[in-house]
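Single-structure report; data block below.
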Amino acid sequence: MIVLDRTLLICLVVLVQILTATNPGHSELPVPSNTLNSNTQTLSFNLTSNLNNILSSFEGFGHVTSCNAKLSQLTSGLSSSSPESIAFIDALGKPGPGVTTGNFLWLGNYEMCGTGALVNETTGYRYKNCVVSAALTQGGNPLALTWTGCSPPECKTKDDLQDVFKQIAVLINNSRIIHTDPSTWNIMCDVKQKFDAGAYAAVTIVSLFGILVMVGTIWYLLEQTIISFLERVKDCTEADAEENTREDSSLLAREKHQAPNQVESFLGRLAKCFALQRTMETLFSTTTKPGQVLCLNGIRVLSINWVVLGHAYAFAFSFLGSHLYRAELIKRRNFMLVFNALPSVDSFFALSGFLVTYLLLKQLAKRGGLTPLQWIAFYVHRYVRLTMPYLVALLIEGWLYRLLVTGPRAQQTTQSSNNMCNQYWYTNLLYINNFVPWKVPRAGAGTCMRQSWYLANDMQFFLIAPIFIVLLLRRPLLGVVVTGGTVICSALSTAVIAASYHLGPAETTDNSPDYFWLVYNKPWIRITPYLVGILGGWFYWKWGKQITMVVDSLPEWRKVVCATPIWVVTAAVEYGVVFGLYDDVQNLQQKRPISEADSVSYQGLARIAWSLSLTIQILLCQCGLGGFINSLLSWSGWQLLSRLTYSVFLLHLGLITLLAGQMRHAFFLNPDFEFAVSYLGILTMSYLSAAVLYLTVEQPVANLEGITYRKST
């Protein structure tokens, strides 16, 4: 008999029999407050009546392997109180509180796998942590099982345990209570993490930036002292040269000794680019320049906080001790802010298109066009500014996190990303990772740096943006037609794909594994808000000053009368985009089909509606019709946080991965409070980590690149 087999099958069969007996034929798990007593009685009855049958079914189970033999030995060792057997069972994940409410997160004692009776330092005999994940269904309800424990060294390969659990899956299906597909049973065991080429590259590049920052900071502090010393050396040298040589030779000496000053000046400027004093001054500066679109600071910060909120809750859901609580959350209308946080990304696309257009049009109008060299500098400037902090974050998340994470699910949360980064890292740096690989798992799981699909799209949009911008400058009517027509084509293509593949209205309401690569990360789908932002930036550049002058001449009451209806309409549209899926989500929870017309129309129109409303609100703020909303969004305090948003975007998901890999427990007591604490902690750590990346990489590279960029432009 195999103790692993017994434990798992007993837990699964007994639990399902509890639920079936309590609420037969119902499509949802029972509410614990109403059925706790009956569940307890049923548990006792089913355990007593079925235990012998369950155990006897394992007599002679499976073919004999060294893995099976060891597990059988551990079972028989329980009767003699073997320390190894007791430690093995003690470390094994078991059903905890809340099983009747859907708690299938059975995390064992991770630390025990390498201590006490489960390790022999002399012989090197050591157990390793393994995590089993499986998809189960009962009465049509999906149940996700995550189960960890310590695996003995005799189970050397994944196939040893996979074979055991495949046979368990067969027995589970034979029970006719729970159904499971054996192919969904996945086992991952800890392996000793080694420094590979990527890890060495990560340490080298991170160390290099650290050294440059240290040198630059010291130079900034001691610059005057070093220059004074060099000048004294120069004076002494010139005096000696003048004494030993005359006329022609003195001219040669002066030229010779001017070179160190020139070199010192250039190296000094380079060193200052990395000085913390300079980068911190930039970070904490609240000065503004004429023509800045200040309301974007607040929008940018609120949008990145919204992105982190959605990802933090997705992480928390994977550690939820009650799936019923998740169902209760989804019933709350206000929870759609979390469940449907997808428009937060479209906000960034719209902001990017708006800013690129506005700034480039100002430059083109001022210079009358750009030379080929200036166009090259335009693209190189963007690539360098974005790629260096991106590269550092990619190296850390792709190769270093796996060396830092220790916990029951560490291997599960980091290994697939590391494998993909080893294979496809170059696609990230070329910004083609939304095409290569073409098909990726649901929500981008297993890709190299999950959120990097956005960066690929944004860079691709930036590459083609001048086509629309120059058209809008030279031939405004044609530019509007081409840009608007592209928006319509993008919306139509989205609707056609949604209809052809019968997709849901959004990723959170679609169970298709193909949704991410079909719709979510493809540029012809995501370009819509970027193009709307381009039109908004062009409109503000062309007519912003005139509209502002007219608005400034109006009395306050007329401003309120003019602005209020527009604000109400745009806010209502945004509300509809975020909360309009509420009924569809409820239908999904009740196993009712979502109308295909709803799905197709939402897919085609939601991004246009959201980005257009946001762009109009930006124009209202900039033209003097923003009122207290503009004052709030343009608050000077947003500037500091706004400078960190790019680094927050790069780092926050990696920090969530670190936390997920090390979690030892499920969320129970008061999930609302625990989720809030978890989110605020993740958000705070994201901003603190972003400040480090900004001060040591992002802003120094911007300072360094700015020297050559200004010369080329």
Side-chain angles (χ1 to χ4, degrees), residues 2-20 28-30 32 39 43 46 54 58 71 89 91-110 129-151 155 158 161-190 314-327 407-413 416 441-442 445 511 513 660-661 663-668:
I2 303 173
V3 68
L4 283 173
D5 304 340
R6 283 200 245 158
T7 304
L8 182 64
L9 195 59
I10 290 169
C11 293
L12 293 176
V13 173
V14 169
L15 174 60
V16 174
Q17 288 181 338
I18 293 170
L19 300 178
T20 305
E28 293 186 350
L29 293 174
N39 281 339
L43 172 62
N46 284 330
I54 294 172
F58 284 98
L71 294 174
I89 296 299
L92 190 65
K94 307 169 189 68
V99 290
T100 57
T101 62
N103 177 18
F104 282 84
L105 185 66
W106 302 345
L107 302 181
N109 191 315
Y110 174 79
N129 176 76
C130 292
V131 56
V132 179
S133 57
L136 314 172
T137 57
Q138 185 268 326
N141 292 313
L143 303 172
L145 170 68
T146 301
W147 186 59
T148 70
C150 301
S151 173
C155 300
K158 176 181 175 180
L161 292 173
Q162 194 80 40
D163 181 61
V164 172
F165 284 105
K166 280 184 178 179
Q167 296 178 68
I168 293 176
V170 173
L171 289 177
I172 290 174
N173 288 331
N174 289 341
S175 72
R176 299 183 181 180
I177 301 171
I178 288 181
H179 176 75
T180 181
D181 181 356
S183 65
T184 67
W185 287 65
N186 184 46
I187 303 170
M188 296 189 71
C189 296
D190 287 355
F315 145 73
F317 275 172
S318 67
F319 283 88
L320 199 57
S322 170
H323 287 286
L324 277 183
Y325 177 75
R326 181 180 184 274
R409 301 176 72 178
Q411 189 80 1
Q412 189 183 42
T413 56
S416 59
R442 181 173 174 81
N511 294 321
M663 282 285 287
R664 264 70 165 175
H665 62 86
F667 286 109
F668 279 114

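When each of Val132, Thr413, Val131 is checked for a side chain to side chain contact (heavy atoms under 4.5 Å, CB included) with Met188, only Val131 meets the rule.
With sequence neighbours excluded, the residues that form a side-chain hydrogen bond (donor to acceptor under 3.5 Å, both in side chains) with Thr180 are Trp185. Residues meeting the ring-ring contact (aromatic ring centres under 6.0 Å, His included) test with Phe315, sequence neighbours left out: Phe319.
By the SG-distance test at 2.5 Å, a disulfide connects Cys189 to Cys130.
Nearest heavy atom pair, residue Gly407 against residue Asp190, reads O-OD2, 4.5 Å.
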**Request:** Would you sort out whether Leu92 and Trp147 count as a side-chain contact (heavy atoms from CB on, under 4.5 Å), showing the intermediate values?
**Result:** CA-CA 8 Å; Leu92 190 65; Trp147 186 59; 3.5 Å; yes

**Working for side-chain contact (heavy atoms from CB on, under 4.5 Å), residues Thr146 and Arg409** = CA-CA 9 Å; Thr146 301; Arg409 301 176 72 178; 3.9 Å; yes

**Asked** Given the rule in the side-chain contact (heavy atoms from CB on, under 4.5 Å) test, do Lys94 and Ile89 qualify, once you have shown the distances and angles that lead to the verdict?
**Response** CA-CA 9 Å; Lys94 307 169 189 68; Ile89 296 299; 4.3 Å; yes

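Taking OG of Ser151 as the reference point, atom CG of Asn129 lies at 9.5 Å (rounded to 0.5 Å).
Put simply, the side chain of Thr148 never gets that close to the backbone of Gly93: no donor and acceptor are under 3.5 Å apart.
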